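Quick caveat, the model's predicted, so the values are computed rather than measured.
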Amino acid sequence: MTFLEEQRPTWDEYFIMIAKLAATRSTCLAFPVGAVIVKDKQVLATGYNGSPSGSAHCTAQGFCYPGLDSCDTSSSLPSRAVHAEANAIAQAAKHGISTHGASIYVTLEPCVSCLKLIISAGIKEVFYETAFNKGEKVLVRDAFVQDNLVSLTQIKLSQETAKRASLFLLNPTSVAREKLEDNQIL
């Protein structure tokens, strides 16, 4: 294996980085979340959390509901955001793309509602970066896993891969390798 091959991100790192980039489009004031649906190492759809299409973005109006700065500060009002996983599944459906047998990479562990949607969409594997479910919700999540409806795997992006990716984001990438090596990009 060459030096350059050793620096390539793993497939899990590659797809979680795409999910993290999708999260940058989030319009949710509480949690920016991104998702990417993958099958046979190919991206099928991406999604991020935010207000339903056509409605005002929370980030644009500066609040979720009048008098409520962020949905996570209310114990009674539901979030206005369509979750990233739901948006990714909706995008696939909108374009006639089957998600049966696919995997999904998400920056935040899916809530129980999204997990049910993921299972119903035929997605068998969930890879997530940050844990979310607590208490009784863990029991529901674990029941789905025990019934072999879905697998859940927490993954972390290595520091080395993150640093290398940041250099690709901050510098032109489509230049001769010699120039990149001179600038210590690689």
Side-chain angles (χ1 to χ4, degrees), residues 4-5 7-28 30-55 57-59 78-133 137 140-158 160-162 164-169 173-174:
L4 292 176
E5 288 174 326
Q7 289 189 325
R8 291 177 70 194
T10 66
W11 285 109
D12 287 343
E13 289 177 321
Y14 175 69
F15 293 126
I16 201 68
M17 285 192 293
I18 293 172
K20 288 167 86 68
L21 282 174
T24 67
R25 294 281 305 153
S26 172
T27 62
C28 179
F31 296 100
V33 181
V36 60
I37 300 173
V38 175
K39 187 172 184 180
D40 299 325
K41 297 182 179 162
Q42 296 296 311
V43 173
L44 302 181
T46 63
Y48 52 88
N49 60 332
S51 304
S53 293
S55 68
H57 295 302
C58 298
T59 51
S79 170
R80 289 186 66 235
V82 177
H83 290 187
E85 306 91 324
N87 268 325
I89 291 167
Q91 282 299 315
K94 187 176 184 178
H95 297 286
I97 300 168
S98 172
T99 56
H100 183 75
S103 302
I104 190 166
Y105 289 78
V106 192
T107 59
L108 184 66
E109 177 188 8
C111 69
V112 172
S113 293
C114 283
L115 194 55
K116 291 186 285 186
L117 181 60
I118 287 165
I119 292 166
S120 294
I123 297 171
K124 296 296 183 187
E125 297 178 308
V126 176
F127 298 91
Y128 65 93
E129 182 179 51
T130 304
F132 175 74
N133 291 305
K137 293 177 182 178
V140 175
R141 177 200 69 196
D142 291 351
F144 293 145
V145 172
Q146 289 169 358
D147 289 342
N148 292 317
L149 299 175
V150 68
S151 68
L152 290 141
T153 306
Q154 188 172 13
I155 59 174
K156 295 289 182 190
L157 185 61
S158 73
E160 298 79 27
T161 299
R164 182 163 159 68
S166 70
L167 292 172
F168 271 76
L169 291 172
T173 55
S174 298

If you measure from [atom1] on [X] to [atom2] on [Y], what distance do you get to the nearest 0.5 Å?
X: I123; Y: S151; atom1: CD1; atom2: OG; value: 11.5 Å
X: D12; Y: E129; atom1: CG; atom2: CD; value: 12.0 Å
X: L149; Y: K124; atom1: CG; atom2: NZ; value: 6.5 Å
X: E109; Y: K137; atom1: CD; atom2: NZ; value: 10.5 Å
X: R141; Y: Q146; atom1: CZ; atom2: CD; value: 10.0 Å
X: I104; Y: I37; atom1: CD1; atom2: CD1; value: 4.5 Å

Side chains of [X] and [Y], heavy atoms from C-beta outward: is any pair under 4.5 Å?
X: L157; Y: K20; answer: yes
X: T161; Y: M17; answer: yes
X: F127; Y: I16; answer: no
X: V33; Y: H83; answer: no

Next item on the list: Give me the ring orientation class for W11 and F15: parallel if the planes are under 30° apart, tilted from 30 to 60°, perpendicular past 60°.
Entry: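 Parallel, since the angle between the ring planes stays under 30°.
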
Margin query: Below 30° counts as parallel, above 60° as perpendicular, anything between as tilted: where do the rings of F31 and F132 land?
Written below: perpendicular

Next item on the list: Verify side-chain contact (heavy atoms from CB on, under 4.5 Å) between I18 and Y105, making sure each step is shown before the conclusion.
Entry: CA-CA 9 Å; I18 293 172; Y105 289 78; over 6 Å; no

Next item on the list: Using only heavy-atom distances, determine whether the side chains of E125 and T153 contain a donor-acceptor pair under 3.5 Å.
Entry: no

Check: Would you say the side-chain atoms of Q91 pair up with the backbone N or O of G47, donor to acceptor, closer than 3.5 Å?
Finding: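 No; judged by distance alone, with no hydrogens or angles, the pair does not exist.
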
